Amino acid sequence: MSLFALSLVLVAALLHAVWNVVAKKAGGDSRFVLLVALMIVVVWAPVGLWAGWDALPRWGWVVWALIVTSGMTNLVYSNVLLRGYAVQLAPLSHVAPAREVSMLFAALWGGKLLGEGDRGLRIVGAAFIALGVAGLALG
């Protein structure tokens, strides 16, 4: 992995951790989810369009349907998560690690569904994710 790629991963991890803390402090307010969604559209959609401009014409309706479905699922997920934070179902130190288990599925199934190589390295990465989740849950 290049230094640039590693720095992107580390910045993404930091932003994700900050999002968890800010989301917890938002108290389950749906306006927070709307603000985050608008920020994603305003900031990241142009970057994605710029980076993938040559590939966009080759995307079929299935890809666009998956993108829309993913976006809608993320809005529902974010609202449910914030509601869970608001009613104090569990402390953030328990909720955040439990929801990060999805990263394991992404690492393991992503290779299978997308035909990525280097399965051994992906399993090692998933093991590090599992160790991090366990560390958060125990910490």
Side-chain angles (χ1 to χ4, degrees):
M1 177 183 293
S2 71
L3 186 58
F4 178 70
L6 179 61
S7 65
L8 287 177
V9 170
L10 293 175
V11 168
L14 176 65
L15 289 174
H16 190 72
V18 169
W19 186 94
N20 275 318
V21 172
V22 174
K24 174 71 172 172
K25 292 189 183 294
D29 194 337
S30 295
R31 291 174 293 183
F32 175 77
V33 175
L34 179 61
L35 179 62
V36 170
L38 288 174
M39 292 277 300
I40 289 169
V41 169
V42 170
V43 174
W44 293 114
V47 173
L49 288 171
W50 175 78
W53 192 253
D54 294 336
L56 288 176
R58 295 189 301 269
W59 291 5
W61 69 270
V62 173
V63 173
W64 288 107
L66 287 172
I67 290 170
V68 170
T69 302
S70 174
M72 298 306 289
T73 303
N74 190 43
L75 287 175
V76 171
Y77 157 77
S78 297
N79 276 299
V80 169
L81 179 69
L82 285 177
R83 294 288 180 235
Y85 285 164
V87 296
Q88 302 292 325
L89 292 175
L92 180 62
S93 62
H94 294 134
V95 174
R99 62 179 261 243
E100 299 313 327
V101 170
S102 66
M103 300 300 174
L104 290 173
F105 293 114
L108 297 174
W109 280 101
K112 182 74 170 169
L113 295 174
L114 299 175
E116 296 175 346
D118 207 356
R119 183 169 189 249
L121 189 57
R122 196 171 46 257
I123 290 173
V124 169
F128 276 111
I129 292 171
L131 288 172
V133 169
L136 285 171
L138 297 174

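Atoms considered below: every heavy atom in the structure, side chains included; atoms not considered: hydrogens, waters and symmetry mates. Everything numeric in this text was worked out from a predicted model, so none of it was measured.
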Verify side-chain contact (heavy atoms from CB on, under 4.5 Å) between Leu6 and Leu10, making sure each step is shown before the conclusion.
CA-CA 6 Å; Leu6 179 61; Leu10 293 175; 4.2 Å; yes
Going by atom type alone, with no hydrogens or angles, which donor-acceptor pairs under 3.5 Å involve a side-chain atom of residues 36-56 and a protein atom two or more places apart or on another chain?
none

Other ILVMFWY residues reachable from Leu66 by side-chain steps of under 4.5 Å
Trp61, Val62
Other than Phe4, which residues form its hydrophobic cluster under the rule that side-chain heavy atoms must be closer than 4.5 Å?
Leu8
Under the side-chain hydrogen bond (donor to acceptor under 3.5 Å, both in side chains) rule, collect the residues that match up with Arg31, sequence neighbours excluded.
Asp29
If the condition is side-chain contact (heavy atoms from CB on, under 4.5 Å), which residues does Val124 pass it with, not counting sequence neighbours?
Phe128
